[in-house]
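Below is one structure, written out as structure tokens; comments come after it.
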Amino acid sequence: MEELSPTHILPGLPLTAPRHAEAPSDRDTLAYGAYFTRALDRLHAESRYRVFVDIERVAGHFPEAIWHAPGGVRPVTVWCSNDYLGMGQHPAVVEALISAAQRSGAGAGGTRNISGNSHPVVTLEAELADLHGKEAALVFSSGYVSNQASLATIGRLIPGCLMISDADNHNSIIEGIRQSGCEKAIFRHNDLADLESILSAAQDRPKIVIFESVYSMDGDVAPVAAITRLARRYGAMTYLDEVHAVGMYGARGAGIAEAQGVSGLIDILEGTLAKAYGVVGGYIAASIPIVDAIRSCAPGFIFTTALPPATAAAACASIRHLKGSDAERSAQRRQVAAVKEALAAEGLPVLDKGTHIVPLLVRDAAACKAAADRLLDRHGIYIQPINYPTVPRGQERLRITPTPLHTDAQIAALVRALAEIWTALGLARAPGRAPSL
Ligand code: PLP
């Protein structure tokens with residue numbers, strides 16, 4: 001049997017693996033547990049151990065939900081959902097899901113390689129290609145998989161490609177680049193001058209610039225048009241992750257590239273069906289040869305079961321609705337502005353980068369967890385604490401995502417609760433602001 005290397009499993013933890021010439025005894029098997037408990041101990045010691053709240057969403061009542069708390073069920077208001085527009089409970093979406101399930105059943109029946117394309121998936125891909133003004137689209141089981149599988153495959157299809165990646169890119173992009181085996185170059189977050197120096201040093205070699213439009217933790221927006229034009233000037237391809245922007249920005253909800261009028265200049269647009277569209281799944285939209293090559297060569301597409309027909313039908317209904325309706329987006333903008341204004345008036349350290357994502361900085365892992373616990377326990381408000389490695393150490397925060405379905409009364413209750421917590425825990429307020437409590 002191959003000897004376990006502790007450094008492979010837990011870098012930095014000098015554990016000794018049990019040795020045995022024959023089959024492991026019970027004692028040896030128990031000894032393996034140390035690898036896992038040490039990892040957990042370390043997370044606890046750094047206040048990074050993640051506790052997932054047991055929440056039951058209730059269609060028709062979002063953002064109200066049921067918390068299955070240790071002592072019994074309690075009502076809570078959810079303020080951290082990435083179902084940004086509440087489309088997960090929209091009647092047209094739920095109806096599409098139910099009727100497709102009644103027609104076609106629950107599952108997909110296999111990979112597309114084995115079982116073919118289900119018609120709702122074909123329809124969904126046509127809808128996505130139209131949304132982004134591209135020739136074709138390809139659906140994956142999640143946004144994560146679409147980045148990982150597409151980037152790994154693009155890199156393998158372009159020998160010697162330099163992958164030029166924004167420093168704040170999501171883990172799915174980092175993993176895709178890693179699996180491509182290509183050389184990578186990181187440019188400072190949203191820094192055009194740094195990007196240009198990498199592009200010019202790369203000269204004539206094949207290269208691709210990989211970036212996001214809305215960054216999910218600070219909520220800041222990339223200069224998508226400027227990055228795209230710069231990349232084209234130096235002969236680089238472009239890959240844009242619009243996961244936090246699709247459904248949300250642009251006249252038809254196609255994202256920031258649409259809003260900035262450059263969809264046509266971007267080679268590959270990537271998005272999710274799981275956030276503003278309220279369902280699940282991910283995709284890319286691009287030219288026919290790019291989509292066909294990724295469809296044909298990406299293991300993360302080929303070797304996994306397709307999206308179920310009901311999921312595809314629900315996502316399609318959501319995209320169609322948000323192509324034609326701005327009501328959800330404009331109601332959300334109103335509530336986002338109201339939340340930011342009320343937090344700032346209370347002197348709470350809100351970070352306003354002009355999007356729907358509203359981070360409230362705590363800057364300490366233990367305090368962030370304590371604030372979230374008190375919010376849930378005393379005030380019936382659920383906001384998941386965001387700690388390292390999702391954000392750098394010292395940048396811990398509560399990430400608030402107002403939706404069009406949050407009422408003015410819920411906003412007032414949220415800000416009252418946060419003000420109470422900031423005072424009770426002695427957390428830092430924005431400079432020059434006094435608490436009202
Ligand atoms: N890309 C970015 C920028 C993300 O933040 C996320 C997830 O939050 C993903 C991709 C993955 O999307 P999904 O949740 O659909 O897997």
Side-chain angles (χ1 to χ4, degrees), residues 50 52 80-85 87-88 93 121 124-125 128 131-132 137-152 154 163 165-179 186 189-190 209-222 224 227 238-249 253 255-257 266 268-285 294 298 300-301 304-308 311-312 314-316 318-319 353 355-359 383-384 386-392 395 397 399-401:
R50 292 170 192 230
F52 298 143
C80 58
S81 175
N82 277 352
D83 185 356
Y84 292 134
L85 300 174
M87 292 302 289
V93 175
V121 170
L124 171 61
E125 288 176 343
L128 287 164
L131 174 70
H132 291 292
L138 187 69
V139 171
F140 297 79
S141 33
S142 73
Y144 191 100
V145 174
S146 63
N147 273 335
Q148 192 185 31
S150 301
L151 288 166
I154 290 166
M163 299 224 149
S165 179
D166 185 285
D168 283 4
N169 275 343
H170 187 256
N171 177 271
S172 52
I173 293 176
I174 295 167
E175 280 300 310
I177 294 174
R178 194 179 60 75
Q179 286 173 24
I186 309 286
H189 178 53
N190 282 346
V209 177
I210 306 154
F211 61 121
E212 300 176 22
S213 56
V214 175
Y215 285 84
S216 68
M217 288 300 135
D218 281 1
D220 57 327
V221 180
V224 172
I227 290 178
T238 42
Y239 182 106
L240 177 63
D241 175 322
E242 291 255 37
V243 157
H244 295 279
V246 288
M248 306 285 298
Y249 300 94
I256 300 291
I266 293 165
I268 302 160
L269 287 154
E270 183 272 344
T272 185
L273 306 168
K275 302 193 194 293
Y277 292 126
V279 189
V280 73
Y283 65 90
I284 56 162
I294 293 173
F301 171 79
T304 189
T305 297
L307 273 197
T311 306
C316 204
S318 185
I319 295 163
K353 301 279 180 146
T355 62
H356 61 285
I357 294 164
V358 185
I383 305 180
Q384 183 73 18
I386 309 276
N387 288 345
Y388 175 84
T390 310
V391 291
Q395 292 291 309
R397 63 196 58 196
R399 177 180 179 271
I400 302 170
T401 49

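Just follow the structure's listing: the first ligand is 1, and inside any ligand the first atom is 1. The structure displayed is predicted, hence computed values, not measured ones.
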Centroid-centroid under 6.0 Å between H189 and F211 rings
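No, ring centres 6.0 Å or more apart.
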
Given the side-chain rings of H132 and Y283, with only the six-membered ring counted for Trp, is the space between their centroids under 6.0 Å?
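Distance test on ring centres: under 6.0 Å, yes.
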
Partners passing ring pair (Phe, Tyr, Trp, His ring centres under 6.0 Å) against F301 (at least two apart in sequence or in another chain)
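For F301 the ring pair (Phe, Tyr, Trp, His ring centres under 6.0 Å) partners, ignoring immediate neighbours, are F140.
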
Those residues that, when tested against D220, pass salt bridge (charged side-chain N to carboxylate O under 4.0 Å, His left out) (two or more places apart):
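Per chain and number, D220 pairs via salt bridge (charged side-chain N to carboxylate O under 4.0 Å, His left out) with no residue.
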
Output, or 'none' if empty, a list of ligand 1-protein atom pairs in which both atoms are N or O and the distance is under 3.5 Å, rounded to 0.1 Å.
| from | atom 1 | to | atom 2 | distance (Å) |
| --- | --- | --- | --- | --- |
| ligand 1 | 1 (N) | D241 | OD2 | 2.7 |
| ligand 1 | 5 (O) | H244 | NE2 | 2.6 |
| ligand 1 | 8 (O) | K275 | NZ | 2.9 |
| ligand 1 | 14 (O) | K275 | NZ | 3.3 |
| ligand 1 | 15 (O) | G143 | N | 2.9 |
| ligand 1 | 15 (O) | T272 | OG1 | 2.6 |
| ligand 1 | 16 (O) | G143 | N | 3.2 |
| ligand 1 | 16 (O) | Y144 | N | 2.8 |

Answer yes or no: is there a side-chain heavy-atom contact under 4.5 Å between V280 and T311?
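Contact flag for V280/T311 side chains = yes.
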
Under the rule for side-chain hydrogen bond (donor to acceptor under 3.5 Å, both in side chains), what residues qualify as partners of N82, not counting sequence neighbours?
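So N82 forms a side-chain hydrogen bond (donor to acceptor under 3.5 Å, both in side chains) with Y84, R399.
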
